[in-house]
Amino acid sequence: MIPDEQLDFDACVLSGQVFRFKRTDEGWAGVDGTNLIKAKRVPGGWEVESRPNRDAWKAFLQIDRDLLDIRRRIASIEPRLIPMLDTFPGLRTLRLASPAETLFSFLCTANNHMSRIVRMTEFLASKGEELEADHYIFPSVVRLADTSEQELRANGFGYRGATIPAVAKTVLEKGGGWLKGLKTLDYLDARADLCRLPGVGLKLADCVCLFGLHFDEAAPIDTHVWKTLAEWYAPGYRHAPLSPSRYVEVSTLFRERFGDLAAWAQQYVFYNRYISYRTRTVTQV
DNA sequence: GTCGTACCACGG
DNA sequence: CGTGGTACGA
Ligand SMILES: [Mg+2]
């Protein structure tokens with residue numbers, strides 16, 4: 001049993017790191033890579049399991065890392081983050097097994113609503129192997145390259161219906177191990193390489209670096225995170241829009257401050273800001 | 001570098 | 001009308 005102070009499974013799968021986990025009678029179920037992961041709610045914590053690989057969930061949740069220690073270190077670096085740490089103390093940064101799944105999932109996120117992101121990633125996933133009813137292994141890059149723009153557009157993908165097969169073809173041209181091979185590069189080099197892909201800019205590249213390539217110093221800056229980081233670390237940009245050069249500047253400051261905790265710190269900021277944004281937009285209608 | 005603009009679809 | 005952006009030209 002994983003105690004609540006070490007794991008808030010709800011927060012993990014609702015904080016925009018993965019998009020295909022579903023509630024069950026017991027708790028949650030979803031696919032990561034080639035494994036089905038199930039989390040069962042028990043008093044004071046969670047019981048997590050995975051199949052066929054019984055250990056897959058451990059890497060996914062980075063369960064070997066002590067969250068108390070991580071929170072303590074983040075708090076000492078930036079006390080202004082403490083309220084965010086305390087709001088979701090069990091929030092963890094996830095490590096997805098497949099860089100390709102990460103790339104194509106986050107390609108669906110740009111300038112998009114969560115609800116449509118879920119719908120789109122589900123549609124892509126449905127082209128893969130069904131592990132269990134309603135739970136699919138994300139399709140191969142070959143399969144995605146084979147999917148027609150017309151079919152995707154017919155299923156509500158809009159202009160991403162063109163981007164997704166185009167990126168898939170580009171990835172194939174670069175050769176089989178290219179994506180995973182980025183893990184061996186320095187973080188900034190990996191990010192720069194990803195940015196060369198059509199439809200992939202700094203933010204998406206950082207998402208792939210963090211969730212798919214497992215760089216702990218990667219901290220995606222989206223519109224929500226930007227508001228907090230600009231206010232804290234670049235007050236002059238407080239009301240300025242997020243631009244590529246400002247992204248690089250503030251992302252560098254953030255990384256220099258948090259080091260290999262940048263990814264974790266970012267996740268707490270994002271989920272807190274995202275939740276308050278959701279609350280705000282829900283109540284006004 | 002910055003700024004404005006288009007981009008698909010669709011929830012709010 | 002804006003969305004967990006990106007790309008392009010001025
Ligand atoms: Mg690009």
Side-chain angles (χ1 to χ4, degrees), chain A residues 11-21 84 88 91 93-94 96 102-124 147-167 170 191-212 218-230 234 236-252 254 262-285:
Chain A
C12 288
V13 297
L14 290 173
S15 54
Q17 309 185 255
V18 289
F19 307 99
R20 305 195 289 124
F21 269 72
M84 298 183 176
F88 300 105
L91 177 58
T93 290
L94 303 179
L96 310 202
T102 312
L103 170 61
F104 292 98
S105 296
F106 279 91
L107 226 26
C108 298
T109 66
N111 193 230
N112 211 355
H113 284 105
M114 266 298 307
S115 52
R116 187 156 78 117
I117 295 168
V118 169
R119 209 176 315 137
M120 290 166 73
T121 53
E122 283 289 355
F123 182 83
L124 292 180
T147 305
S148 74
E149 169 179 357
Q150 176 191 318
E151 182 191 358
L152 293 177
R153 281 188 182 268
N155 285 91
F157 276 67
Y159 60 83
R160 296 176 186 82
T163 312
I164 288 167
V167 171
T170 309
R191 185 174 76 173
D193 276 6
L194 286 166
C195 282
R196 294 205 179 90
L197 295 170
V200 177
L202 287 164
K203 196 274 177 178
L204 264 60
D206 265 335
C207 287
V208 176
C209 281
L210 166 49
F211 304 117
I221 302 177
D222 74 299
T223 159
H224 302 296
V225 171
W226 169 247
K227 287 170 186 158
T228 295
L229 298 199
Y237 295 156
R238 196 169 174 179
H239 298 294
L242 181 52
S243 69
S245 78
R246 288 193 276 259
Y247 187 110
V248 169
E249 184 182 345
V250 171
S251 132
T252 302
F254 194 69
W264 294 78
Q266 170 276 156
Q267 198 58 33
Y268 285 102
V269 174
F270 171 73
Y271 196 45
N272 276 274
R273 294 296 308 232
Y274 184 68
I275 288 292
S276 57
Y277 156 76
R278 286 292 306 152
T279 310
R280 197 163 62 246
T281 53
V282 160
T283 37
Q284 73 183 189
V285 172

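The sequence lines fix the lettering, A, B, ..., with proteins before strands; numbering per chain opens at 1.
The base of C:dG2 sits within donor-acceptor range of the side chain of A:H113, with an N or O pair under 3.5 Å. For B:dC8, its base sits under 3.5 Å from the side chain of A:N111 at one donor and acceptor pair at least.
At a threshold of 4.0 angstrom between heavy atoms, the contacts of A:S105 with the nucleic acid are absent. Counting any heavy atom pair closer than 4.0 Å across all strands shown, A:Q17 reaches a base atom. Counting non-hydrogen atoms under 4.0 angstrom, A:Q266 reaches a base of the nucleic acid. At the heavy-atom level, A:L107 lies nowhere under 4.0 Å from the strands shown. When heavy atoms are screened at a 4.0 angstrom cut-off, A:F106 is found touching no nucleic acid atom at all. As judged by a 4.0 angstrom heavy-atom cut-off over every strand, A:I221 is placed among residues making no nucleic acid contact. Heavy atoms of A:P198 sit under 4.0 angstrom from primed sugar atoms or phosphate atoms, though from no base atom.
The residues A:R196 and A:D193 are annotated as salt-bridged, a charged nitrogen and a carboxylate oxygen being separated by less than 4.0 angstrom.
Proximity of A:R246 to the phosphate of B:dC3: a side-chain N or O atom is located under 4.0 Å from OP1 or OP2. In this structure, A:R153 reaches the B:dC8 phosphate: one of its side-chain N or O atoms is under 4.0 Å from OP1 or OP2. Look at A:T281 and you won't find any side-chain N or O under 4.0 angstrom from OP1 or OP2 of C:dG2.
Atom-to-atom, CZ of A:R160 to P of B:dC7 comes out at 14 Å; the value is rounded to the nearest Å. As a whole-Å value, the separation of A:I117 CD1 from B:dC10 P is 14 Å. Computed from coordinates, the A:L242 CG to C:dT3 C1' distance equals 14 Å when rounded to whole Å. With rounding to whole Å, A:R119 atom CZ is found 12 Å from B:dA9 atom P. Rounded to whole Å, atom C1' of C:dT6 lies 15 Å from atom CZ of A:R191. For A:N112 and C:dC1, the CG to P distance is 19 Å, given to the nearest whole Å. When the P atom of B:dA9 is taken as reference, atom CD1 of A:I164 falls 13 Å away, rounded to whole Å. What separates CE of A:M120 from P of B:dG11 is a distance of 13 Å, to the nearest Å.
Contact of the A:Y274 side chain with the A:L14 side chain is not registered, since no non-hydrogen atoms from C-beta on lie closer than 4.5 Å.
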Quick one: side chains of residues 159-167 of chain A, donor-acceptor pairs under 3.5 Å with protein atoms, not counting sequence neighbours, listed by atom name and distance.
from   : atom 1 : to     : atom 2 : distance (Å)
A:R160 : NH2    : A:A110 : O      : 2.1
A:T163 : OG1    : A:Y159 : O      : 3.2

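Mapping A:V200 and A:V225 onto DNA chain C by nearest heavy atom places A:V225 at the nucleotide closer to the 5' end.
Among the nucleotides C:dT6, B:dC8, B:dT2, the one closest to the side chain of A:R116 is B:dC8. Nearest to the side-chain atoms of A:S243 among the listed nucleotides C:dG5, C:dT3, B:dT2 stands B:dT2.
Using modelled atom types, one side-chain atom of A:Q267 and one backbone atom of A:S15 make a donor-acceptor pair closer than 3.5 Å. Listed for the A:T109 side chain is no donor-acceptor partner under 3.5 Å among the backbone atoms of A:S105.
The salt bridge (charged side-chain N to carboxylate O under 4.0 Å, His left out) analysis of residues 106-115 of chain A, with sequence neighbours excluded, yields no pairs.
A distance of about 16 Å separates the P atoms of C:dG9 and B:dC8, rounded to the whole Å. Taking atom P on both nucleotides, B:dG1 is separated from C:dG5 by 23 Å, rounded to a whole Å.
Figure legend. B:dC3 is base-paired to C:dG9; pairs are counted as Watson-Crick or G-U wobble with both atom distances under 3.5 Å.
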